[in-house]
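The chains referred to below are lettered A, B, ... by the order of the sequence lines, with proteins before strands, and numbering in each begins at 1.
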Amino acid sequence: MSNSLPSRSENFAEWYNQLVLKAELADYAPVRGCMVVRPYGWALWENIKEALDKRFKATGHVNAAFPLLIPMSFFEKEKEHVEGFSPELAVVTHGGGEKLAEPLAVRPTSETIIGYMYAKWIKSWRDLPVLINQWGNVVRWELRTKLFLRTLEFYWQEGHTAHATAEEAEEETRRMLDVYTDFAINEAAVPVIPGVKTESEKFAGAVRSYTIEAMMGDTKALQAGTSHFLGQNFAKAFNIQYLDKNNQLQYAWTTSWGLSTRFIGAIIMVHGDDKGLVMPPRLAPIQVVIVPIYKTEAERAEVLEAADRIRRELAERFRVKLDDRDNLTPGYKFNDWELRGVPVRVEIGPRDLAKGTVALARRDKPGREGKTFVPQEGLVDTIAQLLDEIHNSLYERALAFRNAHIHEPKDYEEFKEVVQNGWAYTYWCGDPECEANIKAETKATTRCIPLEGDSAEGHKCIYCGRPAKYKLYFAKAY
RNA sequence: CGGGGCGUAGCGCAGUUGGAAGCGCACCGCGUUUGGGACGCGGGGGUCGGCGGUUCAAGUCCGCCCGCCCCGACCA
């Protein structure tokens, strides 16, 4: 075996790094902490974008583009926001060879510049709500980086909305959390737990942060998407005011929500195996790959003709690739496409031509185990069904894995043990000090208080023993 | 910013007491191969991370600098 990966169980971190590079999703850029998203990785991101954008439009949002550069002074306007973000700002101090009068921050997130613009645009209750999303890139000067999961520059979408009432804004925040949950489950086959962040884990400047939390293949948690209720914090900082129906001047209520290329990391770490990537069928850049098999020149011509006919038929419903590279053996190609995670592989050779069949191999069951011979007749429907089946089986497999690694420890001793290789679903008094102590002692942080969780009534904090306010998840996280 | 590791061909590495820069993979050409990672023959490719020093001679010894990776504190 050339091209072999480290095994997932032996060295998860190295497995991840090499997989990203070998599957050609991304590569290291010349600047520390920056990456190049390669065409295969970008194709995955484009499919993620499409699936999300469709949902944003369906819930009444429109897209716009705000500038990359933001005056430094904007960050001073919201107290918590500046504390949260100033340590990781990249700042432009010179332009056109001259020192700038006011330095410009490269956006780490756009609440400030969008707040400024909203103040200009919003005058009346009739202007509300404003429901804008933008697709773009942001820069955060992170100390420790990892491909897709944490890079200095990353791509994302950030939605920013303004509303007349707190209720409406809160409703929007929850609606977008639902959109992310639906996307994760039904497009990426990634099970997620929607919930609320604790005070210490919430977004800098938010009143309340919601999150979808996913468990990776090493049992660590990943915040896969967030939705924030910003209250009137940014409205007051940027003077987003409108006249209500009674001619009273009111501050607006705002929200923001985002999902980034980090989600690609989630897809890799949730579904991938020792043979490589496993792309969720609905987002896969290539859903079906066709590998032709032949010996002689005559066979080659016949097989390629049939393979191309099948490619054209499949292309009407799926993203298809015919691998007609002539210098590689079929065995090499099988491994190559398994590394790249293509959900379904069609093999066609002389024996199939004679029998009117093809070999179908499914990526979620690698090797010969997932291979069957099916008639060419009705292949489009067969594959449509198989892709759905793969989606479901990936989801179920990930869900079963997650459930098997969530524990309800009976005491703190057991808690310390379970968070070494899993999540703890347990009770907490709500005191940030307990949360901080747990983090210091175990490296496990609070992930979220689940929306559909158990009551904490009558239970005690796992750490201090005082009456519990919440039942929530603790885990080591990326 | 602390701790650890590493910079030699695109990638992975070897290079002994200082004495002619190598190996595997990848790449290019030709031929034979092709249902689970083919083989033969022939090729191309190097500021040995950088600067300075010691020496007849430095990939190798000395000094300074730079960069990358992993682990921690911070974070989507």
If you restrict it to nitrogen or oxygen atoms, what contacts under 3.5 Å exist between nucleotides 66-74 of chain B and the protein, and what is each distance?
residue, atom, partner, partner atom, Å
B:rC68, OP1, A:Arg32, N, 3.2
B:rC70, OP1, A:Asn17, ND2, 3.3
B:rC71, OP2, A:Arg144, NH2, 2.1
B:rG72, OP2, A:Arg144, NH1, 2.9

Counting distance alone, no hydrogens or angles: does the base of B:rG35 have a donor or acceptor under 3.5 Å from a partner atom on the side chain of A:Asp352?
yes

field: Heavy-atom donor-acceptor pair, A:Lys371 side-chain to B:rG36 base, under 3.5 Å
entry: yes

Could you give the [atom1]-to-[atom2] distance, from [X] to [N], as a whole number of Å?
| X | N | atom1 | atom2 | answer |
| --- | --- | --- | --- | --- |
| A:Glu347 | B:rG35 | CD | P | 10 Å |
| A:Lys333 | B:rA38 | NZ | P | 11 Å |
| A:Asp326 | B:rU33 | CG | C1' | 11 Å |

Between [M] and [N], how far apart are the [atom1] atoms? Round to whole Å, please.
| N | M | atom1 | result |
| --- | --- | --- | --- |
| B:rG45 | B:rU32 | C1' | 27 Å |
| B:rG3 | B:rC56 | P | 39 Å |
| B:rG46 | B:rG5 | P | 33 Å |

Which part of the nucleic acid does [X] contact within heavy-atom distance under 4.0 Å: base, sugar-phosphate only, or nothing?
| X | value |
| --- | --- |
| A:Ala359 | base |
| A:Arg325 | nothing |
| A:Thr445 | nothing |

Per nearest nucleotide of RNA chain B, the residue lying toward the 5' end, A:Thr261 or A:Leu353, is A:Leu353

task = May I ask you to decide if A:Ala359's main-chain N or O and A:Lys371's side chain share a donor-acceptor pair within less than 3.5 Å?
result = no

Testing B:rG37, B:rU34, B:rG35 for proximity to the side chain of A:Tyr332, the answer is B:rG37

Testing B:rA38, B:rG36, B:rU34 for proximity to the side chain of A:Thr329, the answer is B:rA38

Identify whether NZ of Lys or CZ of Arg in [X] sits under 6.0 Å from the centre of the six-membered ring of [Y] and within 45° of that ring's axis.
| X | Y | answer |
| --- | --- | --- |
| A:Arg208 | A:Trp253 | no |
| A:Lys146 | A:Tyr478 | no |
| A:Arg345 | A:Phe334 | yes |

Only one of A:Phe183, A:Phe56, A:Phe229, A:Tyr210 passes ring pair (Phe, Tyr, Trp, His ring centres under 6.0 Å) with A:Trp257, and that residue is A:Phe56

query = Would you call the rings of A:Trp15 and A:Phe12 parallel, tilted or perpendicular, where under 30° means parallel and over 60° means perpendicular?
reply = tilted

